[in-house]
Amino acid sequence: MSNDLSLQRTKNYFLQLKSSVLYKFLGILVSFISIPLMIKYLGNEQYGIWSTILAIFSWIVLFDIGIGNGVRNRLAESLAKDNKEEAQKYVSTGYISIGVLSVSLLVIFNFVAYFINWQIVFNTVLVPNNELYLAVSLAGSFLIVNFWFSLINQISNGLQKSQIVIFNQFLSNLLSLIFIFILYKFTEASLIKLILFYGFSLLISNFLVTYWIFNNYEFIIPKVKYFSKEYIKSITSLGFKFFIIQIAVVIIFTTDKIMITQLFGPEYVTSYDVIFKLFSIITIGHSLILAPLWSACSDAYHRGDIEWIRNSLFRQLQFFILIVLGTIVLTFMAKYIIAFWIGKDLMVDNNLIYAMAIFVIVSTWNNIFAYIINATNELKIQ
């Protein structure tokens, strides 16, 4: 294996990391400003409903049957072999496949949603059922359409441009904050208006990033003529394994809010969500370091540069010690930070803070190995 390729890969990894840290810091800052503004705008119960809606619709990622991650890995593999035509076929097949899934899902969802009593789902009488149906229908429609457009994130990762994914998240958060501020200043509390502007924020940012990627990497612009049943099989055979992993992840990250809503009421979701968002500083920061590693390790693996992967793993294990120390410090400071950030009126439970800290430590340890396993397609281990 050429030493020049290893050095170039390492250089590209740190370049992505440098840009990602900047965009993610700005994204977190914008997100942390948005949360208290949304709570003030909607109130605790409606904010709990909004947070639960997002949790429910995170199940949408399951409906790509792992195609997004499959495209990411196959694209990285094709580029490692310097086969641009194959890369374009994988991208084209991915877009068309997810497009068909999205349209089908949009029709089915809106039909089924009409017959559900959403007041029971959200355990509330504060918002009329017809308004809840409209809110869920709008949120679902926006997120399903965005589910199609967001394939650009996996393509960016496959190109080893993970900083573009982070920039996309920052841009959508920034647009969302601007819209929320306008709503807060000039309108009465409205879940519907918040959903409309949030949805447009996602679509606008994805459209701009899609335009930039395809303008700079014209050789992967999707075309109908490059759609291939053979490539669907190649993507989904790998993607189905990702699909199994996605099921586990979605269950972990969505059932919590749904259970809290059903057992205690949507207003209790707010305190849980605030603590979760606070500790996400650790997990998001760690994911910044790991995100460029996935495609870089995939490139190294397909070029036979196992030593590069081994060295990367060792560095990640060293960094894990800092994560544990940072989590412990955050645990003791959590109540003071939340009081300053949200206000002293929000009650937080010490046991919930301790439990969240343990979860973060276990999660970050697992992710160190998961990203490398994902990169090498050895998904049966996961």
Next on the checklist: With a 3.5 Å distance limit and no angle check, can you tell me whether Ser92 reaches the backbone of Lys223 through a side-chain donor-acceptor pair?
Outcome noted: yes
Item to check | Sub-4.5 Å side-chain heavy-atom contact between Ile309 and Ile372 | outcome: yes
Next on the checklist: Less than 3.5 Å apart, any donor N or O on the side chain of Ser190 or Tyr41 sitting next to an acceptor on the other?
Outcome noted: no
Next on the checklist: Using only atom types and a distance under 3.5 Å, with no angle test, would you say the side chain of Thr93 pairs donor to acceptor with the backbone of Tyr90?
Outcome noted: no
Checklist outcome for this item: Rounding to 0.5 Å, atoms CG (Leu171) and CD1 (Ile164) come to a distance of 11.0 Å
Item to check | Ile220 side chain near Leu159 side chain, heavy-atom distance below 4.5 Å | outcome: yes
Item to check | Separation of Trp341 CH2 from Ile337 CD1 (nearest 0.5 Å) | outcome: 9.5 Å
Item to check | Lys40, NZ atom: more than 12 neighbouring heavy atoms under 6.0 Å | outcome: no
Next on the checklist: Could you tell me if the side chain of Lys161 sits less than 4.5 Å from the side chain of Tyr217, heavy atoms only?
Outcome noted: yes
Checklist entry - Does any non-hydrogen side-chain atom of Val136 lie less than 4.5 Å from one of Phe109? => result yes
Item to check | Working for side-chain contact (heavy atoms from CB on, under 4.5 Å), residues Ile275 and Ile338 | outcome: CA-CA 8 Å; Ile275 295 172; Ile338 291 170; 3.9 Å; yes
Next on the checklist: Are Phe32 and Leu29 linked, directly or through intermediate hydrophobic residues, by side-chain heavy-atom contacts shorter than 4.5 Å (ILVMFWY only)?
Outcome noted: yes
Next on the checklist: Run the side-chain contact (heavy atoms from CB on, under 4.5 Å) test on Gln154 and Leu151 for me, step by step, so that the C-alpha distance in whole Å, both residues' side-chain angles and the decisive distance to 0.1 Å come before the verdict.
Outcome noted: CA-CA 5 Å; Gln154 298 292 26; Leu151 182 59; 4.3 Å; yes
Next on the checklist: Applying side-chain contact (heavy atoms from CB on, under 4.5 Å) to Leu132 and Ile49, what does each step give before you reach the verdict?
Outcome noted: CA-CA 9 Å; Leu132 283 174; Ile49 292 169; 4.0 Å; yes
Item to check | Asn123 (side chain) donor-acceptor with Thr261 (main chain) under 3.5 angstrom | outcome: yes
Checklist entry - Between the main-chain N or O of Leu191 and the side-chain N or O of Trp50, is there a donor-acceptor pair closer than 3.5 Å? => result no
Checklist entry - Are the side chains of Leu183 and Thr187 in touch, meaning some heavy atoms are under 4.5 Å apart? => result yes
Would you list the atom pairs, donor with acceptor, under 3.5 Å between side chains in residues 143-150 and any protein atom, with sequence neighbours excluded?
unit_1, atom_1, unit_2, atom_2, d
Asn146, OD1, Asn206, ND2, 2.4
Trp148, NE1, Tyr95, O, 3.1
Ser150, OG, Asn146, O, 3.1
Ser150, OG, Phe147, O, 3.1

Checklist entry - Got more than 12 heavy atoms from elsewhere within 6.0 Å of CZ, Phe181? => result no
Checklist entry - Does one hydrophobic cluster hold both Val121 and Phe111, with members joined at side-chain heavy-atom distances below 4.5 Å? => result yes
Item to check | Considering all heavy atoms, the nearest Leu79-Gly158 contact | outcome: CD1-O, 4.0 Å
Item to check | Exercise: identify the closest heavy-atom pair between Leu175 and Ser205 | outcome: CD1-N, 4.3 Å
Checklist entry - With distance as the sole test, does Gln88 use its side chain to make a donor-acceptor pair with the main-chain N or O of Ile221 at under 3.5 Å? => result yes
Item to check | Audit row: Ile180, Ser176, side-chain contact (heavy atoms from CB on, under 4.5 Å) steps and yes/no | outcome: CA-CA 6 Å; Ile180 291 166; Ser176 180; 3.6 Å; yes
Checklist entry - Hey, is the main chain of Gly27 close enough, under 3.5 Å, to the side chain of Gln169 for a donor-acceptor pair? => result no
Checklist entry - For atom CZ of Phe207, is the number of surrounding heavy atoms from other residues, nucleotides or ligands below 6.0 Å larger than 12? => result no
Checklist entry - Is a donor on one side and an acceptor on the other found under 3.5 Å between the side chain of Asn157 and the backbone of Asn153? => result yes
Checklist entry - Under a 4.5 Å side-chain heavy-atom rule over Ile, Leu, Val, Met, Phe, Trp and Tyr, are Met356 and Phe264 clustered together? => result yes
Item to check | Closest non-hydrogen atom pair, Val165 against Ser156 | outcome: CG2-CB, 3.8 Å
Checklist entry - What's the spacing between Ser363 OG and Phe279 CZ if we round to 0.5 Å? => result 13.0 Å
Next on the checklist: For Lys89, is there an ion pair with Glu86 - N to carboxylate O distance below 4.0 angstrom?
Outcome noted: no
Next on the checklist: Would you say Phe276 ends up clustered with Ile33 if hydrophobic residues are merged whenever their side chains have heavy atoms under 4.5 Å apart, either directly or through other cluster members?
Outcome noted: yes
Next on the checklist: If I take atom OH from residue Tyr198 and atom CE from residue Met38, how far apart are they, to the nearest 0.5 angstrom?
Outcome noted: 8.0 Å
Checklist outcome for this item: Closest heavy-atom pair, Ala357 versus Thr327, reported as atoms and distance to 0.1 Å, is O-CG2, 3.7 Å
Item to check | Within-4.5 Å side-chain heavy-atom neighbours: Tyr272 and Ser51 | outcome: no
Next on the checklist: Could you check whether Asn168 and Tyr23, counting side-chain N and O atoms only, form a donor-acceptor pair closer than 3.5 Å?
Outcome noted: no
Next on the checklist: Testing the 3.5 Å rule here: is there a donor-acceptor pair between the side chains of Ser137 and Asn110?
Outcome noted: yes
Checklist entry - Under 6.0 Å from the CZ atom of Phe25, do we count more than 12 heavy atoms belonging to anything else shown? => result no
Which donor-acceptor pairs under 3.5 Å do side chains of residues 282-290 form with protein atoms, sequence neighbours excluded?
unit_1, atom_1, unit_2, atom_2, d
Thr283, OG1, Ser280, O, 3.2
Ser287, OG, Thr283, O, 3.4
Ser287, OG, Ile284, O, 2.7

Item to check | Minimum heavy-atom distance between Leu278 and Leu330, given as atom pair plus value | outcome: O-CD2, 3.9 Å
Checklist entry - What pairs with Arg310 under salt bridge (Lys or Arg N to Asp or Glu O under 4.0 Å), at least two apart in sequence or on another chain? => result Glu307
Next on the checklist: Surrounding CD of Gln318 (heavy atoms of other residues, nucleotides or ligands, distance under 6.0 Å), is the total greater than 12?
Outcome noted: yes
Item to check | Polar side-chain atom of Gln262 near backbone of Ile120 as donor-acceptor pair, under 3.5 Å | outcome: yes
Checklist entry - Just by modelled atom types, is the Tyr211 backbone N or O under 3.5 Å from a matching donor or acceptor in the Asn215 side chain? => result no
Item to check | Joint hydrophobic cluster, Leu208 plus Leu22, side-chain heavy atoms closer than 4.5 Å | outcome: yes
Checklist entry - If you measure from CD on Glu77 to CZ on Arg72, what distance do you get to the nearest 0.5 Å? => result 14.0 Å
Item to check | Phe142 ring center within less than 6.0 Å of Phe200 ring center | outcome: yes
Item to check | CG-OH distance between Asp349 and Tyr354, expressed to the nearest 0.5 angstrom | outcome: 9.5 Å
Checklist entry - Would you say the side chain of Leu196 lies within less than 4.5 Å of the side chain of Phe179, judging by non-hydrogen atoms? => result no
Item to check | Side chain Asn129, main chain Asn117, donor-acceptor under 3.5 Å | outcome: no
Checklist entry - Going by the angle between their ring planes, with limits at 30° and 60°, are Phe167 and Phe170 parallel, tilted or perpendicular? => result tilted
Checklist entry - Do the side chains of Trp365 and Val324 get nearer than 4.5 Å, heavy atoms only? => result no
